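Down below is the structure, laid out as structure tokens.
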Amino acid sequence: MKKIQLASGFSIPQIGLGTWLLTGRECFEAVSTALDFGYTLIDTAVSYDNEQDIGKAIEESGINRSDLFLTTKVWYQKLRTKDVIDQCNRSLDYLRTDYIDLLLIHWPNKYIPMRETFEGFEQLVEERKVRSAGISNFTIRHIQEAKKSTVLKLSVNQVEFHPFLYQKELLQYCNGNSISVMAYSPLGRGKVFHSELLKEIAEDKGAEVSQIVLAWLLRKNIIVIPKASSDEHLKANLDSMEIELSDHESSLIDSISENERIIKPSWAEFED
Ligand SMILES: NC(=O)c1ccc[n+]([C@@H]2O[C@H](COP(=O)([O-])OP(=O)(O)OC[C@H]3O[C@@H](n4cnc5c(N)ncnc54)[C@H](OP(=O)(O)O)[C@@H]3O)[C@@H](O)[C@H]2O)c1
């Protein structure tokens, strides 16, 4: 599995498992199967209410902690210093571990000064409870503010990114600031399967549409965390690392973007 070096100095696998909406037995089974298939990056969040299921699956899999990369996120309404620390301690407990590889601010919140949030992150890094700090759903303006609010290097910005929302400017900005982009909803929550162009490219390559989309993202050095629950999907997504797109195929996919954002909660502060 290819790894990407983060600004913190730690490395992250380029393909992982997203777990939003997976809970209970379904979550336990998907994570267990994923670990069995060779996934080593798991993405969760306090708000997904599944950290305990993931912790159980990890423990029962017997995987070495050092072979695993765990990402979790603190909720946007709980970004005061103490709240950040309390949530992280609870995540550590639920995930049955003594460190989080990557802790993200789930969404920016203009009502809580970023300095307060990062004070919590800085303490957690100092105590070695968190290895890398990052952000999610941050626009360029939010990142500029974040950079002024902490001494920590921001390792990752996790954002919605798929062929229907090719965030080129944000990607360039992150690349220029040594912030790795992690694509969430990389399959557009299923929307990619309806694209005639993607279907054509997939047929030409003898691959699945999902694999073409993930290969397009991987080629841009983006980390991907597709959510999958069936064995077939889990395996196909992991195998996307074997697919190589030509410059032409990739630029055809670049041109799909309709600037279509799927995840638009009421609290989001996007500039578009
Ligand atoms: N930071 C944030 O605010 C944020 C927001 C949204 C998501 N995320 C993260 O990103 C992860 C992924 O995003 P997402 O869950 O929104 O959507 P997604 O990964 O784009 O799509 C998931 C859907 O695609 C299906 N699928 C997966 N692999 C497939 C394959 N090979 N062939 C056909 N269908 C396939 C899944 O079906 P099955 O389940 O049936 O396999 C599921 O219905 C989340 O789980 C979460 O960890 C973060």
Side-chain angles (χ1 to χ4, degrees), residues 12-31 33-34 37 39 41-51 53-54 69-77 79 91 95 102-109 134-139 142 156-165 167 170 180-195 198-199 202 207-218 222-243 260-270:
I12 184 169
Q14 218 186 337
I15 304 181
L17 175 68
T19 66
W20 181 33
L21 300 181
L22 284 172
T23 53
R25 187 85 212 153
E26 196 193 8
C27 180
F28 174 82
E29 276 169 11
V31 174
T33 309
F37 285 172
Y39 280 79
L41 161 62
I42 310 288
D43 179 78
T44 179
V46 166
S47 64
Y48 297 174
D49 198 21
N50 62 12
E51 289 173 309
D53 309 308
I54 294 171
F69 192 106
L70 293 175
T71 302
T72 193
K73 317 179 191 84
V74 288
W75 189 232
Y76 87 104
Q77 287 166 315
L79 294 180
S91 295
L95 289 165
L102 174 65
L103 185 67
L104 306 177
I105 300 176
H106 204 147
W107 291 86
N109 182 341
I135 51 191
S136 176
N137 295 299
F138 274 43
T139 61
H142 294 126
V156 165
N157 188 17
Q158 185 185 112
V159 293
E160 182 176 338
F161 205 120
H162 45 71
F164 300 97
L165 187 65
Q167 304 207 57
L170 180 65
S180 299
V181 169
M182 187 184 278
Y184 79 62
S185 305
L187 304 175
R189 318 208 75 221
K191 186 172 157 65
V192 298
F193 302 111
H194 305 292
S195 157
L198 291 172
K199 281 193 228 171
E208 305 285 332
V209 166
S210 54
Q211 294 177 318
I212 297 299
V213 172
L214 296 174
W216 173 73
L217 292 162
L218 296 173
I222 292 175
I223 303 151
V224 299
I225 46 164
K227 175 255 176 186
S229 42
S230 70
D231 289 14
E232 191 194 339
H233 292 168
L234 284 164
K235 178 96 180 51
N237 296 347
L238 200 57
D239 288 348
S240 62
M241 62 187 157
E242 312 295 342
I243 310 285
E260 187 176 326
R261 208 177 271 287
I262 299 170
I263 309 285
K264 292 183 279 196
S266 56
W267 58 82
E269 299 166 24
F270 299 119

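Quick caveat, the model's predicted, so the values are computed rather than measured. Atoms within each ligand, like the ligands themselves, are counted from 1 in listed order. Quick note: numbers below take in every heavy atom, side chains included, and nothing from hydrogens, waters or symmetry partners.
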task: Taking all non-hydrogen atoms of both residues into account, name the closest pair between Leu187 and Pro226 and its distance.
output: CD1-CB, 4.2 Å
field: Exercise: identify the closest heavy-atom pair between Ile223 and Pro13
entry: CG2-O, 3.7 Å
What part of [X], side chain, backbone, both or neither, has a heavy atom within less than 4.0 angstrom of ligand 1?
X      : result
Ala45  : neither
Ser210 : side chain
Leu104 : neither

Minimum-distance protein heavy atom relative to [atom]:
atom                    : value
atom 45 (O) of ligand 1 : Trp20 N, 2.9 Å
atom 31 (N) of ligand 1 : Asn237 OD1, 2.9 Å
atom 37 (O) of ligand 1 : His233 ND1, 3.7 Å
atom 6 (C) of ligand 1  : Tyr184 CD1, 3.2 Å
atom 40 (O) of ligand 1 : Ser229 OG, 3.4 Å
atom 3 (O) of ligand 1  : Asn137 ND2, 2.9 Å
atom 21 (O) of ligand 1 : Arg189 CA, 3.6 Å
atom 47 (O) of ligand 1 : Asp43 OD2, 2.6 Å

Quick one: which ligand 1 atoms are inside 4.0 Å of a heavy atom on [X]?
X      : result
Ser230 : 41 (O)
His106 : 1 (N), 2 (C), 3 (O)
Pro226 : 19 (O)
Ile225 : 9 (C), 10 (O), 11 (C), 12 (C)

- request: Return a yes/no value for Leu187: is any of its N or O atoms, backbone included, closer than 3.5 angstrom to an N or O of ligand 1?
  value: yes
message: What I want to know is whether Lys73 and ligand 1 share at least one N or O pair that is separated by under 3.5 angstrom.
response: no
Quick one: which of [options] has a heavy atom closest to [atom]?
atom                    : options                        : result
atom 43 (O) of ligand 1 : Glu160, Met182, Lys227         : Lys227
atom 13 (O) of ligand 1 : Ser185, Ala183, Gly188, Ala236 : Ser185
atom 46 (C) of ligand 1 : Tyr48, Trp107, Tyr76           : Tyr48

- request: Going by the side-chain contact (heavy atoms from CB on, under 4.5 Å) test, name the single residue among Leu102, Val224, Ile225 that passes it with Leu41.
  value: Ile225
message: Could you check whether Tyr184 and Asn137, counting side-chain N and O atoms only, form a donor-acceptor pair closer than 3.5 Å?
response: yes
query: Is it the case that Ser91 and Glu51 place a side-chain donor and acceptor less than 3.5 Å from each other?
result: yes
Could you check if a side-chain atom of [X] sits within less than 4.5 angstrom of a side-chain atom of [Y], using non-hydrogen atoms only?
X      : Y      : answer
Leu170 : Phe138 : no
Ile54  : Tyr48  : no
His142 : Ile135 : no

message: Looking at ligand 1, would Glu208 count as a contact under a 4.0 Å heavy-atom criterion?
response: no
- prompt: Between Lys227 and Asp43, does at least one N-O distance fall below 4.0 Å, as a salt bridge requires?
  reply: no
Approximate separation, where rounding is to 0.5 Å, of Leu17 CG and Ile42 CD1: 5.0 Å
- prompt: Hey, is CG on Asp49 packed in by over 12 heavy atoms from elsewhere, all under 6.0 Å?
  reply: no
message: Can you confirm whether more than 12 heavy atoms, excluding those of Lys235, are under 6.0 Å from its NZ atom?
response: no
- prompt: Where does the angle between the aromatic ring planes of Tyr76 and Trp267 fall among parallel (under 30°), tilted (30 to 60°) and perpendicular (over 60°)?
  reply: parallel
